[in-house]
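Chain A is the first sequence line, chain B the second, and so forth, proteins listed ahead of strands; every chain is numbered from 1.
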Number of protein chains: 2
Amino acid sequence: MKNIPDIVIHRLPIYLRALDLMARAGQDITSSQELSDRLGISSAQIRKDLSHFGEFGKQGTGYDVEFLRQQLRRILHVDRVWDMALVGAGDLGRALAHYRGFKNRGFRIAAIFDVDPEKVGKELAGIHIEHVSTVPEALPKRGIRIGIIAVPTEAAQEVADLLVRGGVQAILNYAPIRLAVPEHVRVEYIDPVIALQSMTYYLGNEGGESKTAIQPNECSS
Amino acid sequence: MKNIPDIVIHRLPIYLRALDLMARAGQDITSSQELSDRLGISSAQIRKDLSHFGEFGKQGTGYDVEFLRQQLRRILHVDRVWDMALVGAGDLGRALAHYRGFKNRGFRIAAIFDVDPEKVGKELAGIHIEHVSTVPEALPKRGIRIGIIAVPTEAAQEVADLLVRGGVQAILNYAPIRLAVPEHVRVEYIDPVIALQSMTYYLGNEGGESKTAIQPNECSS
DNA sequence: TAGATTGTTAATCGATTAACAATC
DNA sequence: TAGATTGTTAATCGATTAACAATC
C-alpha cells in the first residue's frame, strides 16, 4: 500500500458516496459495471483503483456493498468522527454550521471562531463562538486537526497561519485565494466561481450560440 | 482552437484568479515563472496551456497582466455577466445569495426559487423568492442559462429536471449526489465532504501519528 | 549587446483502457 | 455446468516536463 496516486485517492470518496446511497437503499451487492454506470467512471478504472488496496470483490458476483463501504471508510479514515474547527461565522459559516451532511460521513464541527466581538460569546448551531485569536491554543487542547476557512479573502491567509500554529494538518478553504502553508499541511479549495468559469468556457456567447455572424467571405475568393 | 483538453480549461480560471489579484495590486507585468511560484503549477505547463489559445507573452519580458487577464476573460466568456438561477433558499442558498465573490468574476444571481410557501413571496438579498415549479417557464423568459442547486439531496434530481426543462446548460450542484442530465448540460459538483475525505486519507489515525506501535520484533531475528 | 523569457518540440512520465485468465 | 465478474497485465493514450531556438 505504498504511494497510491493522488488522483486515485480523490476518487475513493466518490465511490464511498455511491455505496452509502446503495446501503441506505438496502442494496446488498453491486459490481464495477453498476458503479461505472452510476458514476461515469469506467469499470476497469474502478477495479484498478480498488485493487491498490486489496481484493474486495468476488468473481462472478461483484462486491458486497456493506463490506466495500466499510473498507473504504477504513482506508479513508472516516470510520471515526473528525472534529473540525470552523473559522468565520458569517453567512457561509452559518450554512456550514447547520449543514447536516457532515454527520454520517465522518465529520463534525466542534468549535467555531470569529473575529467580530459582536459574535464572540454567542451561539451558532448550539456551539459557543470563540475569538479567532484563541485558535492556536484551543485546537491542540481539543485534539482538532482539521480547519475550515470561511472568512473574507483578505483574512484567509492570516487565519490559515493561526490554524497551522494550532497544529491542523488539513484545511478546507472557501476563500478564493491560494494559501501558503507548510508542506505537511494539506489544503483543499472550494471556489464556486472557478467551477462556474470552467463551464462558461463551453457555453459560448449570447443566447443560443450566434457565433457564426459576420465572417469575411472566404468562399468566393 | 479545436478541442482543448478539459483539464486545461479547468486551470484557466485559476490563472485568471491570480491575474485578478495582481491587477488589483497594481502589478503590470508577470511571467510564467512567477505564476508558477504562486500557483504551484510548472511554468512549462502554464506556457503550454496558454499557447493553446494564442501568443500572449513577449520573450524576455513575460506577460502584460491586464492584457492576459482580458484574454482569459474572453476565452472563458466571463467578459460579460451571467445571470444565474438559485434554487433553494435555506442556509446555503442564503449564503450564496449574499456572496460578494460573484460580482466581479462574471456572475450574478438573478432569480431565487424555493418550494416552501413560507419563503415564496419573501425577499432574499433583495431578490423576490418564487416557487420552484415556475422554473421551467421563468428561465427562458429571462435568458437564464445557469442554475445553482442548493436543496436537500432528496430534491436535487427533481430540481435538476426542472432546470433542464427551463433550458439551462450549466448546473452548479451542491447536493452530494450525481445528477442525471442530458449530455448537452454541464454539471460541476461542490461537496465539502468529498474534499475532506480525500485529506483524511493522508492524516492517518489518532492523535499525532502513533501508527508505529506494537510491531512484532523483526530486528532481533 | 547580454539577459531574460516566451512558444514549441520531443522525450518522459503516468493514467486509462482493453482484454483475458482465474474463479466464484 | 454455464454465465458472470473480478483482479491484473500489457497496450494505448494523453498529459507533463525538459530543453532550446527564437526574440524581445
Any [X] side-chain nitrogen or oxygen under 4.0 Å from OP1 or OP2 of [N]:
| X | N | answer |
| --- | --- | --- |
| R47(A) | dG7(D) | no |
| S42(B) | dT17(D) | yes |
| S32(B) | dT6(C) | yes |

Taking only nitrogen or oxygen atoms into account, show me every contact under 3.5 Å that the protein makes with nucleotides 10-15 of chain D, one pair per line with its distance.
none

How many Å lie between [atom1] on [X] and [atom2] on [N], as a whole number?
| X | N | atom1 | atom2 | result |
| --- | --- | --- | --- | --- |
| Q59(B) | dC20(D) | CD | P | 17 Å |
| L50(A) | dT6(D) | CG | P | 9 Å |
| H52(B) | dT9(C) | NE2 | P | 12 Å |
| K58(A) | dG7(D) | NZ | P | 12 Å |
| L35(B) | dT5(C) | CG | P | 12 Å |
| F56(A) | dT6(D) | CZ | P | 14 Å |
| Y63(B) | dC24(D) | OH | P | 14 Å |
| D49(B) | dT6(C) | CG | C1' | 15 Å |

For the residue pair [X] and [Y], what are the closest heavy atoms and their distance?
| X | Y | answer |
| --- | --- | --- |
| P13(A) | Q197(B) | CB-OE1, 3.3 Å |
| P140(A) | P136(A) | CD-O, 3.1 Å |
| I144(A) | D83(A) | CG2-O, 3.7 Å |
| I112(A) | A97(A) | CD1-CB, 4.1 Å |
| I148(A) | L96(A) | CG2-CD1, 3.9 Å |

Would you say that more than 12 heavy atoms from the other residues, nucleotides or ligands in this model lie under 6.0 Å from the CD of Q27(B), or not? yes
Looking only at side-chain atoms of E55(A), point me to the closest of dT8(D), dC24(C), dG7(C). dT8(D)
Regarding S43(B), tell me which of base, sugar-phosphate or nothing describes its non-hydrogen contacts under 4.0 Å with the strands shown. nothing
Between D91(A) and R94(B), is there a salt bridge with N-O shorter than 4.0 Å? yes
Which string of ( ) [ ] | and . matches DNA chain D, if you list each base 5' to 3' and count Watson-Crick or G-U pairs only when both distances are under 3.5 Å? ..||||||||||||||||||||||
